[in-house]
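Since the structure comes first, as structure tokens, the remarks are kept for the end.
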Amino acid sequence: MSEYTNKKYVEMVNLAKVYPTQKGPFVVLENFNLDIPKGEFYCLIGHSGCGKSTILSMVAGLNSITAGSVCLDGKEIDGAGPDRGVVFQSPSLLPWLTAYENVMLGVKQVYPNQSKQTMHDIVCYYLASVGLFKDKDKRVTDLSQGMRQRVGIARAFALKPKLMLLDEPLGMLDALTKHELQDLIAKLHDHHAMTTLMVTHDVDEALYLSDKVVCMTNGPKATLGKILVNDMPRPRNRSELVDHPKYYVYREELITFLEDQDHKKKKVS
Amino acid sequence: MFKQKLINAFELSGLTWFIPIIKLLSGENPKEQGAEILRMLGLPIIALSAFFFTWGYLSTKIQTSVGKLPSPVFVWNQSKAMIANYRVELYKKAQYEKFEAIRSSIAMQMDKNVNSPEIQSLLKDIDGVKTKFSDESEKLNEQIAIGKEAHEASVSAVKEKYNKPEFYVTSDDGQPLKDMDGNPQLNREAVDEINLASEQKYMVYEMGIVQVLNDFSSSYGSLASRVSKVQKYQNEIDELTATGGDEKKLAKAEKRKQTFLKLIRKETAYSGNGSIIDYIKLSIITVLFGFAIAATVAIPLGIICGLSTSFMTAINPLIQVFRPVSPLAWVLITIQIVDGIFVGDLALEGDVFKNTFLHAGITVALCSMWATLSNTALGVSSIDTDYMNVAKVLKLNWFDRLFKIIIPAAIPFIFTGLRITLGVGWMVLIVSEMMATSRGLGWYIDQQYQNNKVESLANIIVCIFIIGLVGACLDRIMYTLQRFVSFNDEVSA
Ligand SMILES: Nc1ncnc2c1ncn2[C@@H]1O[C@H](COP(=O)(O)OP(=O)(O)OP(=O)(O)O)[C@@H](O)[C@H]1O
Ligand SMILES: [Mg+2]
């Protein structure tokens with residue numbers, strides 16, 4: 001694989017999104033350019049409604065692209081596909097299936113020529129890696145929120161996607177579960193070196209997980225604000241991280257950026 | 001553990017009033033459970049008693065075209081009489097089968113040798129059965145006589161009570177009018193009360209059994225006499241052949257023998273009057289048949305409607321026009337179409353599967369399928385975008401998308417529709433059975449209505465309770481299924 005495609009494993013060029021509304025076209029996003037190198041973890045932060053989910057769903061192929069293009073591994077994307085795993089804020093599991101069956105549904109699609117035993121092993125491996133092996137035969141409705149989100153993560157990772165898209169996956173969870181799942185995501189990322197784009201509201205979460213934090217300006221006509229390079233060493237440990245000298249510098253930088261956006265917003269209105 | 005399972009089962013089926021009883025039986029917090037039982041059982045009991053009390057009171061006041069409105073007690077006795085008739089019917093069926101067994105074994109033996117010892121022993125069996133029958137009916141007749149005496153005593157007590165001047169009909173000059181026998185003519189209230197008393201059923205089961213015993217006793221008698229006839233002609237034939245007798249006489253004897261043999265060989269037809277249980281059974285089978293048709297038509301159509309807005313737009317006017325059409329209109333056109341197709345040799349003559357059965361069943365389907373159709377369409381078209389996103393990300397093909405995502409997601413809606421369909425179908429069934437003369441509860445009610453008697457009115461009231469109970473049971477079953485397939489617990493009871 002060439003150096004070029006590795007550096008621009010994911011390439012968003014002049015991405016734009018316009019929603020036609022009754023009051024005329026509503027430009028959510030304009031001129032958004034971002035490259036993600038292979039194996040890196042990018043976090044996307046910005047104020048509510050600026051278009052983070054819109055970007056993510058366009059990259060996932062679940063939302064149409066108004067202008068610009070998204071390339072993954074040198075190929076322009078066209079519609080959704082299992083080469084991009086997605087985890088949303090709500091786990092969007094199929095409630096009439098068990099945890100096992102939910103993961104199996106994807107595995108069957110991605111490894112169509114494998115034997116039954118191999119597919120079973122894959123499903124069990126990923127469920128075990130999110131700590132749900134014992135509960136694999138429970139119906140989704142009998143699982144807690146945190147467990148459901150774990151199944152969602154297992155399902156996404158079991159697809160072995162080229163790119164992992166996470167849209168506030170931990171937004172609805174309590175603090176304790178949130179920490180557990182952050183550790184889980186970090187562990188999985190370290191293990192599989194999965195290229196990841198994750199939307200979050202939580203600055204600490206972004207600093208704990210990411211290689212780079214992408215800040216967006218406020219909408220409408222939102223675009224890329226700044227990119228913070230988070231070069232704190234990996235693997236990270238939550239309690240040690242807080243003591244890292246750069247932690248507060250980076251944290252300060254992000255919060256200042258967000259507050260600045262707030263002021264601008266007030267000025268506009 | 002077992003207790004928890006029971007409680008879960010009751011919760012699933014919505015029979016929540018059993019739960020405190022189980023908890024109480026297992027000794028859990030007796031005071032609280034006792035109060036809960038009082039509330040859950042006591043309140044309905046109070047309401048029921050109020051209902052029966054009002055009914056009892058109204059029955060003394062309300063005058064129907066056939067007499068006084070039957071009281072709860074009268075209706076209760078009538079329902080017992082229905083059950084007695086059913087038991088008689090069962091007894092009759094059993095006797096019929098025994099009779100047929102004996103007749104066919106005689107016929108078999110006769111084909112080999114008309115004078116065999118086996119036949120003699122079978123004839124002896126028949127004699128035994130007949131004496132047993134006459135013993136039994138004698139005993140029953142004694143009981144019936146006692147019952148009849150009591151009945152007549154109560155009737156004459158009522159007659160006595162109303163044979164007073166205040167119940168006489170008087171002419172304009174105050175003179176009591178006389179009827180044809182020269183007795184004073186009674187007013188309407190008195191006549192109704194006396195009729196009510198004399199129409200009160202008694203000894204229904206015993207009388208029915210005696211009737212059956214008499215019928216079969218004579219059947220056995222004629223069977224035995226046919227056998228002896230055959231034997232007689234056989235002996236004649238034997239004699240004639242031995243002595244080399246007249247050809248003509250021989251042929252005549254042979255012919256007569258064959259006539260009686262044929263009668264013995266012929267299977268006798270079972271002539272049942274039908275009983276309330278048969279009507280209930282047929283009604284349930286018919287409604288399930290109609291329900292099955294409705295489901296097989298409405299679910300696929302509903303799925304197509306939900307998938308394609310064009311298709312929905314196309315057939316929506318038809319749905320809107322046909323949905324409000326009354327079953328009375330549907331049943332007539334169904335009768336004519338079905339009878340046009342299954343006519344002459346094609347006419348259906350199964351035990352259950354008759355033309356009339358199709359009339360009622362198809363009408364049920366026509367009237368009840370709409371709820372399933374629109375609910376299925378709604379379920380399919382309103383599918384959660386999250387589920388569709390899963391399908392898109394996994395690039396499921398059309399088939400998997402339909403059967404692994406869309407239909408499972410719509411299942412709760414489909415079952416809501418099916419539950420409504422079954423409820424509507426059961427209501428429609430009674431009317432269509434009346435019109436189609438399919439021998440279910442609806443037909444029976446119509447028959448009773450034609451009878452024009454207080455007794456028949458009571459039978460109709462019994463049927464109303466049966467219809468309600470069966471309908472409630474069907475709904476409970478559907479409710480349980482609905483709870484079972486839904487993935488969120490929001491199901492209205
Ligand atoms: N279907 C639509 N039609 C019109 N406008 C829409 C539509 N979907 C989203 N928007 C608008 O697009 C903007 C961006 O929405 P988006 O969901 O991407 O925000 P977000 O950054 O993810 O916010 P949050 O952090 O709250 O999730 C919002 O202002 C929203 O109102
Ligand atoms: Mg969002």
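Here is the naming used below: chain letters follow the sequence lines, and residue numbers restart at 1 for every chain.
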Find the one option among A:Pro95, A:Pro91, A:Ala60 whose heavy-atom pairs under 4.5 Å with chain B are most numerous.
A:Pro95
Are there residues of residues 284-323 of chain B that reach to under 4.5 Å of chain A by heavy atoms, and which ones?
none
Other residues, nucleotides and ligands only: do more than 12 of their heavy atoms fall within 6.0 Å of NZ on A:Lys160?
no
Does atom NZ of A:Lys75 have more than 12 heavy-atom neighbours, drawn from other residues, nucleotides or ligands, at distances under 6.0 Å?
no
Do other residues, nucleotides or ligands put more than 12 heavy atoms under 6.0 Å from A:Tyr125 OH?
yes
Please name the pair of heavy atoms, one in B:Tyr387 and one in A:Leu93, separated by the smallest distance, quoted to 0.1 Å.
CE2-O, 3.5 Å
In this structure, are over 12 heavy atoms from other groups packed under 6.0 Å from A:Asp78 atom CG?
no
B:Met427, CE: over 12 other non-hydrogen atoms inside 6.0 angstrom
no
Reported CG-to-NZ distance for the pair A:Asp83 and B:Lys395, which is rounded to 0.5 angstrom
6.5 Å
With chain A, the option among B:Asp386, B:Val485, B:Val390, B:Leu396 that has the most non-hydrogen atom pairs under 4.5 Å is B:Asp386
Please classify the contact between B:Asp400 and chain A as side chain, backbone, both or neither, with a heavy-atom cut-off of under 4.5 Å.
side chain
Can you tell me how far the NZ atom of A:Lys108 sits from the CG atom of B:Leu394, to the nearest 0.5 Å?
12.0 Å
Distance-only polar pair, side chains of B:Asn389 and A:Ser92, donor-acceptor under 3.5 Å:
no
Please lay out, stage by stage, how A:Leu62 and B:Met388 fare under the test side chain to side chain contact (heavy atoms under 4.5 Å, CB included).
CA-CA 10 Å; A:Leu62 296 171; B:Met388 283 323 279; over 6 Å; no
Drop me the distance from B:Ile405's CD1 to A:Trp96's CH2, to the nearest 0.5 angstrom.
5.5 Å
Looking only at heavy atoms, which two atoms of A:Leu105 and B:Lys404 are closest? And how far apart?
CD1-CD, 3.5 Å
